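Values in this document were obtained by computation on a predicted structure and should not be read as measured data.
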Amino acid sequence: TTMKDNLNLACGSFDNLKPNKKMNLPIWMAVKIRQKSKCKIYPPYFMEISYLKEHIELEKKNVEILMPLPYYFFEIIHILSYKAQQDIPDIEEIKNYCADISIIRNDKINNIITKIKEDKYFFKIKNICARELEVIRPII
């Protein structure tokens, strides 16, 4: 089916939704359409094996700071690995690399928290992801 009119939502407008046309959609919309088997989801760039391998190396090289990741990195990978796994080649390998990234970053965050305990008045954590922030929020 084709939507000839614009679809205006609070998150943006989507015009001319056509079969076999790649579009950028909010993840919730893409997953909903995928559940009805009406589309294929193409994973974002940060779910590519080469990107994940490179990011692991960057995290290992820079032991003092967190390297930049999309804010909802872990959440997006989690959602897509369960709701669109049939569209993502090598999903198990991707999940393993993400687990490695999580372990490395958690170690860094624990080191940062240890330093925070030494200096009770000031701290700065750059490049933290949403899930990581939720984990440390009660501690801080």
Side-chain angles (χ1 to χ4, degrees):
T1 62
T2 301
M3 290 186 61
K4 294 180 182 179
D5 297 328
N6 287 352
L7 181 60
N8 297 314
L9 303 172
C11 60
S13 294
F14 305 94
D15 59 338
N16 295 327
L17 294 175
K18 295 178 185 175
N20 299 320
K21 179 182 175 189
K22 283 188 180 182
M23 297 189 72
N24 289 324
L25 297 174
I27 191 167
W28 63 268
M29 182 184 281
V31 166
K32 195 69 171 164
I33 296 170
R34 180 66 184 110
Q35 287 174 335
K36 295 179 181 185
S37 298
K38 300 286 185 183
C39 75
K40 178 179 178 182
I41 294 179
Y42 293 91
Y45 70 92
F46 56 83
M47 286 182 75
E48 294 174 8
I49 301 289
S50 59
Y51 177 88
L52 296 169
K53 285 180 179 179
E54 184 179 316
H55 192 84
I56 288 171
E57 292 305 314
L58 285 172
E59 291 285 359
K60 287 179 179 178
K61 283 182 188 175
N62 298 290
V63 295
E64 295 290 319
I65 59 171
L66 299 172
M67 300 310 297
L69 279 176
Y71 188 66
Y72 292 108
F73 175 80
F74 295 105
E75 291 84 355
I76 290 170
I77 289 176
H78 177 78
I79 290 168
L80 293 182
S81 68
Y82 288 100
K83 300 291 186 178
Q85 62 188 11
Q86 63 274 32
D87 293 339
I88 303 170
D90 304 319
I91 190 63
E92 291 304 318
E93 190 176 3
I94 290 169
K95 289 186 335 187
N96 289 336
Y97 283 125
C98 290
D100 292 345
I101 290 171
S102 180
I103 290 167
I104 294 166
R105 290 175 67 91
N106 286 340
D107 287 344
K108 288 181 179 185
I109 290 170
N110 287 335
N111 290 337
I112 292 169
I113 289 172
T114 302
K115 290 178 183 178
I116 290 171
K117 290 179 181 177
E118 295 169 7
D119 182 7
K120 297 178 184 175
Y121 302 106
F122 177 76
F123 65 92
K124 185 175 186 177
I125 302 176
K126 292 177 78 175
N127 302 322
I128 196 162
C129 294
R131 189 191 73 189
E132 297 164 336
L133 185 58
E134 287 305 311
V135 169
I136 69 167
R137 190 181 310 260
I139 297 169
I140 296 175

About how many Å separate [atom2] of [Y] and [atom1] of [X], when rounded to the nearest 0.5 Å?
X	Y	atom1	atom2	result
L25	I33	CG	CD1	5.5 Å
I56	D100	CD1	CG	4.5 Å
C129	R105	SG	CZ	4.5 Å
I128	I109	CD1	CD1	4.5 Å
K53	E57	NZ	CD	10.0 Å
K32	K38	NZ	NZ	13.5 Å

- Message: I'd like to know if E134 pairs up with R131 as an ion pair, taking the criterion as any Lys NZ or Arg NE/NH1/NH2 lying under 4.0 Å from an Asp or Glu carboxylate oxygen.
- Response: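 So E134 does not pair with R131 through a salt bridge.
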Is the number of heavy atoms from other residues, nucleotides or ligands under 6.0 Å of [X] [atom1] greater than 12?
X	atom1	result
K83	NZ	no
Y72	OH	no
E54	CD	no

Under a single-linkage definition using a 4.5 Å side-chain heavy-atom cutoff for Ile, Leu, Val, Met, Phe, Trp and Tyr, are [X] and [Y] assigned to the same hydrophobic cluster?
X	Y	value
L58	L66	no
V135	I103	no
L133	I79	yes
I49	M67	no
Y42	I27	no

What heavy-atom pair brings [X] and [Y] nearest, and what distance separates the two atoms?
X	Y	result
I77	M47	CG1-CG, 3.7 Å
H78	Y82	O-CD1, 3.0 Å
I65	E59	O-OE1, 4.1 Å
I76	P44	CG2-CG, 4.2 Å
K108	V63	CG-O, 3.7 Å
L52	I94	CD1-CG2, 3.8 Å

- Message: Taking C98's backbone N and O only, do any of them form a donor-acceptor pair with S102's side chain (distance below 3.5 Å, no angle check)?
- Response: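 Not confirmed, S102 side chain does not pair with C98 backbone.
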- Assign the ring pair F73 / F46 to parallel, tilted or perpendicular, where the plane angle (0 to 90°) is split at 30° and 60°.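 The rings of F73 and F46 sit tilted, inter-plane angle from 30° to 60°.
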- For the pair I101 and L69, evaluate side-chain contact (heavy atoms from CB on, under 4.5 Å) and give the outcome as yes or no after the intermediate values. CA-CA 10 Å; I101 290 171; L69 279 176; 4.1 Å; yes
